[in-house]
Amino acid sequence: MTLPRGFYFRPARAVARELLGCILVSRRGGTLTAGRIVETEAYLGPEDAASHAAIRPVAAHRLLYGDGGRAYVFRIYGVHHCLNAVTGRAGHPGCVLIRALEPVRGAPTMARRRGVTADSVLLTNGPGKLSEALAITLRDNGADLAQGLVMIGPPDAPRRFAVGVGPRVGITRAASRPLRFWIRGNPYVSRR
DNA sequence: TAGCTGATTGACT
DNA sequence: GTCAATCAGCTAA
């Protein structure tokens, strides 16, 4: 059970907000690991100076300018991976960065990969951390999020939470736009 | 070919 | 609070 591709065929801001509460599933590494999405950031097209559609045109074009519903994975600072969901129809670039998860399946496996205890928020409270916990790498770049080893499914419970909205974290351009969304009060949301 | 930058994290003062 | 690790992909030449 995964989200239909049509879910992603909308502006990044709307997808980012509705991705909260959805379940990210990975079967990389032979073990099922999954987490509830508790924090996202929207990145728009070339008019958004922080978007890779603007600052990494050649590398990101093919994915970001294509149809939504695929994974866009990149390496940052040479050490960590960041997982995005591409949004919008072909010709309408945008993506949503998955910034934090609350583990729901395979926490012991995540703990082994991360080197922390299974009940620690350090498991998945950041984009680089959740990628390591779910064994997501550049191999998953371009993967179809509706089928395959890395997928996103609908919420496993009604959305009964307050959504926080604020500026995006850790970027150097267009840093003040309120395009970051999170589940209020969830301990796995990354602070800063 | 060489040099630079970064949507992060963790260790340290 | 500061700072280094480490590399894909860009830019300049």
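Throughout, a chain's letter reflects where its sequence line sits, starting with A, and its residues are numbered from 1. Here the structure is a predicted model, which means the values were calculated and not measured.
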5'-most by nearest nucleotide on DNA chain B - A/V169 or A/K129:
A/V169
With DNA chain B as reference, determine whether A/G170 or A/R114 sits nearer its 5' end, using the nearest nucleotide of each.
A/G170
Interatomic distance, [X] [atom1] vs [N] [atom2] [rounded to whole Å]:
X: A/N125; N: B/dT9; atom1: CG; atom2: C1'; answer: 10 Å
X: A/L64; N: C/dG9; atom1: CG; atom2: P; answer: 13 Å
X: A/E39; N: B/dA7; atom1: CD; atom2: P; answer: 16 Å
X: A/R62; N: C/dG9; atom1: CZ; atom2: P; answer: 13 Å
X: A/N84; N: B/dG6; atom1: CG; atom2: C1'; answer: 14 Å
X: A/F181; N: B/dA7; atom1: CZ; atom2: C1'; answer: 15 Å
X: A/D48; N: B/dA7; atom1: CG; atom2: P; answer: 11 Å
X: A/H61; N: C/dC10; atom1: NE2; atom2: C1'; answer: 13 Å

Test: A/R173 and A/D48 ion pair at under 4.0 Å:
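The answer is no: the pair does not qualify as a salt bridge.
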Applying a 4.0 Å non-hydrogen cut-off, can you work out what A/R99 is touching in the nucleic acid: base, sugar-phosphate, or nothing?
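It contacts sugar-phosphate atoms only.
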Under 4.0 angstrom, heavy atoms only, what part of the nucleic acid is A/R173 near: base, sugar-phosphate, or nothing?
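The residue A/R173 makes sugar-phosphate contact but no base contact.
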May I ask you to check whether over 12 heavy atoms, not counting those of A/R5, lie within 6.0 Å of atom CZ?
yes
Can you tell me how far the [atom1] atom of [X] sits from the [atom2] atom of [Y], to the nearest 0.5 Å?
X: A/L145; Y: A/L149; atom1: CG; atom2: CG; result: 11.5 Å
X: A/D156; Y: A/R36; atom1: CG; atom2: CZ; result: 4.5 Å
X: A/L101; Y: A/S190; atom1: CG; atom2: OG; result: 11.0 Å

Verify the contact: side-chain N or O of A/T172 to OP1 or OP2 of B/dT5, cut-off strictly under 4.0 Å; return yes or no.
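Result: no.
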Would you say A/S51 reaches B/dA7's phosphate, i.e. side-chain N/O to OP1/OP2 under 4.0 Å?
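Answer is no, no contact under 4.0 Å.
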For A/F7 and A/F9, run ring pair (Phe, Tyr, Trp, His ring centres under 6.0 Å): C-alpha distance rounded to whole Å, both residues' side-chain angles, the deciding distance at 0.1 Å, then the answer.
CA-CA 6 Å; A/F7 176 88; A/F9 292 165; over 10 Å; no
In a check of side-chain hydrogen bond (donor to acceptor under 3.5 Å, both in side chains) between A/E132 and each of A/H81, A/R113, A/R114, which one passes?
A/R114
When the P atoms of C/dA4 and B/dC4 are compared, how many Å lie between them, rounded to an integer?
15 Å
Considering only atom C1', compute the distance from B/dG10 to C/dA8 and round it to an integer number of Å.
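Those two atoms are separated by 22 Å.
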Identify whether NZ of Lys or CZ of Arg in A/R99 sits under 6.0 Å from the centre of the six-membered ring of A/F181 and within 45° of that ring's axis.
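A/R99 over A/F181 ring: no.
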Note every stem involving DNA chain C: at least three consecutive Watson-Crick or G-U wobble pairs, i with j then i+1 with j-1, with both distances under 3.5 Å.
B:1-6 with C:7-12, B:8-12 with C:1-5
What pairs of donor and acceptor atoms, side-chain ones from residues 136-143 of chain A against any protein atom, are under 3.5 angstrom apart with sequence neighbours left out?
{"unit_1": "A/T137", "atom_1": "OG1", "unit_2": "A/R139", "atom_2": "N", "d": "3.2"}
{"unit_1": "A/D140", "atom_1": "OD1", "unit_2": "A/R28", "atom_2": "NE", "d": "2.8"}
{"unit_1": "A/D140", "atom_1": "OD1", "unit_2": "A/R28", "atom_2": "NH2", "d": "2.9"}
{"unit_1": "A/D140", "atom_1": "OD2", "unit_2": "A/R28", "atom_2": "NE", "d": "3.4"}
{"unit_1": "A/D140", "atom_1": "OD2", "unit_2": "A/T137", "atom_2": "N", "d": "3.1"}
{"unit_1": "A/N141", "atom_1": "OD1", "unit_2": "A/V73", "atom_2": "N", "d": "2.9"}

Between protein and nucleotides 2-8 of chain C, what N or O pairs are separated by less than 3.5 Å?
{"unit_1": "C/dT6", "atom_1": "O2", "unit_2": "A/Y77", "atom_2": "O", "d": "2.2"}

Ignoring hydrogens, what is the shortest heavy-atom contact between A/A50 and A/A174? Give both atom names and the distance.
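Result for this residue pair: N-CB, 4.2 Å.
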